[in-house]
Amino acid sequence: MRKSICNLLIDGTTGEGCRFSGWVRSVRLSKGIAFITVNDGSNLGGIQIVAEQGLPNFEEVSRLGTGSAVQVSGVLVESPAAGQDREVRAEAISIIGPSDETYPLQKKRHTFEYLRSIAHLRPRSNTFGAVFRLRSRLAQAVHQFFSERKFLYVQTPIITSSDCEGAGELFRVTTLDAATPPLVDGSPDFSQDFFGQRTGLTVSGQLEGELFALAFSDIYTFGPTFRAENSNTARHASEFWMIEPEMAFADLADDAALAEDFVKYLCRFALEECAEDMSFFDKHIEKGLLERIRKIAEADFARLDYGEAIQRLQSSGASFNYPVEWGLDLQTEHERYITEQLIGGPAFILNYPRDIKAFYMRQNDDGRTVAAMDLLVPKVGEIIGGSQREERLDRLTDRMTQMGIAQEPLWWYLDSRRWGSCPHAGFGLGFERLVMYLSGMENIRDVIPFPRTPRHAEF
RNA sequence: UCCCCAAUAGCUCAGUCGGUAGAGCAGGUGACUGUUAAUCACCUUGUCCCUGGUUCGAGUCCGGGUUGGGGAGCCA
């Protein structure tokens, strides 16, 4: 019977026989006795196997290389030594897949840069085991959170023809021959392409999400998102996962309240459900992580207007590399100063100047701001961006005209404002940024199984 | 895309003033009946990123390139 090491440690009875499989992490050989740590990915620590000279293949087993796949039969017993409560006294160890000294993942510290070059093997390491267990559990927690609140989960398209949020950032999807595409007036004739028009990979499911919110009231999307930007930073990837809830009959305050509940829920979830891995991060990745997450889970998130944030930055006496002035966007240094110095915790910035935000955001009565919000958190900066949407057709089309956005391709989006339009709001949260925030990992490439970034699509 | 930094053994790194490369880990051999990425002793391991230059002589200095990292912009 197959049993994971995690389950063996949960329901195994001492004194009883057991059988499991996994990969060798370490072999410690003493005179006539070998200690083998085996891990199958189901938990962080794996389990210690004690092999004694009586085993028919003791000689072979005591020379097992790090990384070998083995199947173990034995008896679960109390451990007489410090370091673990229980261990397995081996009765038989069969070598399923050997591994030799050329195995790139040896039992020593490696740099994250090196481990990225062996992304096919790094999930077998402690850190990446913990990262991807956490990532998996958090993905499930996202669904759990929305499910508990009766949000509808909608799968918005990955291939899209809406090119409205700024050209150049979409990955083109085409079946036209790259060397000799059909031409019309010297440029490729996309009417002859597979979909009969220009298409690309989605940069956001928001616009389609809004359509579903205007039918199901509360919805969310959770799926892959693609940006063809030449971003080379620890926080950007070409392919990432985004969570985008959208609520009908909701305003900006409702939106912020949901975001606050959501972030706190995920913090509590990680602390409670991923305790072993979270302790590992606390010990080896970021000292004080548990305390930091605990504080977020219990914090009251601050809310301040963009205008107020500008004033407080200006009167802070701090010197910045970029100017602080009403009408200019907040730079990373400003955002971090607000959340780390001025507030000392998570903070929403609300009501940004209209001219630095997207066309679909709801215009406020002051004539110069929109109902947009960013959630800033210490250490990372912006983690969530959202807004109340412009539900008034005339205001929306006016804004599109001002910003030079063609209305025709978005006829379906505008239709939603034509019949039964209502106030609604939503936000986007980068899933990887959440995983980074909760694990203390500092590079987005280290929380994605096989990251895609400019010049990198290996594996 | 811009700015800064780096590249030496399988991995992590040191390498002085320019004089022809060495530690730890991994691997090998041995020791030790309870180890905790075991410990101890001995042994093995090199396209010093590529390319051009300066020099009697370049891992080291200079130019160009490649790759990686950090920061910024764009954002999630």
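Side chains are part of it too, since the values below use all heavy atoms of this structure and drop only hydrogens, waters and symmetry mates. Throughout, a chain's letter reflects where its sequence line sits, starting with A, and its residues are numbered from 1.
In RNA chain B, runs of at least 3 stacked Watson-Crick or G-U pairs (N1-N3 plus N6-O4 or O6-N4, or N1-O2 plus O6-N3, all under 3.5 Å) give these stems: B:1-7 with B:66-72, B:10-13 with B:22-25, B:27-31 with B:39-43, B:49-53 with B:61-65.
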Exercise answer: donor-acceptor pairs, residues 106-115 of chain A side-chain atoms, under 3.5 Å, sequence neighbours excluded:
| residue | atom | partner | partner atom | Å |
| --- | --- | --- | --- | --- |
| A/Gln106 | NE2 | A/Glu101 | O | 3.4 |
| A/Gln106 | NE2 | A/Tyr103 | O | 3.0 |
| A/Lys107 | NZ | A/Val27 | O | 3.4 |
| A/His110 | NE2 | A/Gln106 | N | 3.2 |
| A/His110 | NE2 | A/Gln106 | O | 3.3 |
| A/Thr111 | OG1 | A/Tyr114 | N | 3.1 |
| A/Tyr114 | OH | A/Pro104 | O | 3.0 |

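Salt bridge annotation for A/Arg389-A/Asp255: absent, with no cationic side-chain nitrogen under 4.0 angstrom from a carboxylate oxygen.
A donor N or O paired with an acceptor N or O is found under 3.5 Å between the base of B/rC74 and the side-chain atoms of A/Ser231. Counting atom types as modelled, A/Glu87 pairs a side-chain N or O with a base atom of B/rG34 as donor and acceptor under 3.5 Å. Interface remark: the A/Glu52 side chain does not form any donor-acceptor pair with the B/rU33 base, using a distance-only criterion of under 3.5 Å. For B/rU45, the base has no donor-acceptor partner in the side chain of A/Glu101 [N/O atoms by modelled type, under 3.5 angstrom].
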- Message: Return a single string for nucleotides 7-15 of chain B, one symbol per nucleotide in 5' to 3' order, where B is base contact, S is sugar-phosphate-only contact and - is none, cutoff 4.0 angstrom on heavy atoms.
- Response: ----BS---
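Partners of A/Arg399 according to the salt bridge (Lys or Arg N to Asp or Glu O under 4.0 Å) rule, which considers only residues two or more places apart in sequence or in another chain, are A/Asp355. Among residues two or more places apart in sequence or in another chain, the salt bridge (Lys or Arg N to Asp or Glu O under 4.0 Å) test is passed with A/Glu78 by none.
A/Glu333 comes within 4.0 angstrom of nothing in the nucleic acid, heavy atoms only. A/Leu434 comes within 4.0 angstrom of no nucleic acid atom, judged by non-hydrogen atoms across all strands. Residue A/Asn232 is in base contact, counting any heavy-atom pair closer than 4.0 Å across all strands shown.
The same atom, P, is picked in B/rG10 and in B/rC49; the two are 13 Å apart, to the nearest Å. Rounded to whole Å, the separation between the P atoms of B/rG18 and B/rA58 comes to 14 Å.
Ring orientation note: the planes of A/Tyr337 and A/Phe320 are nearly perpendicular, at an angle over 60° on the 30°/60° scale. A/Phe222 and A/Trp241 have perpendicular rings, their planes meeting at more than 60° on a 0 to 90° scale where under 30° would count as parallel.
Applying a 4.0 Å cut-off to non-hydrogen atoms, the residues of residues 234-244 of chain A that approach RNA chain B are A/Arg235, A/His236, A/Ala237, A/Phe240, A/Met242, listed by residue number.
A distance-only check finds no donor-acceptor pair linking the side chain of A/Arg19 to the backbone of A/Gly17 [under 3.5 Å].
In this structure, of B/rC74, B/rG34, B/rA37, it is B/rC74 that holds the atom nearest to the side chain of A/Glu229.
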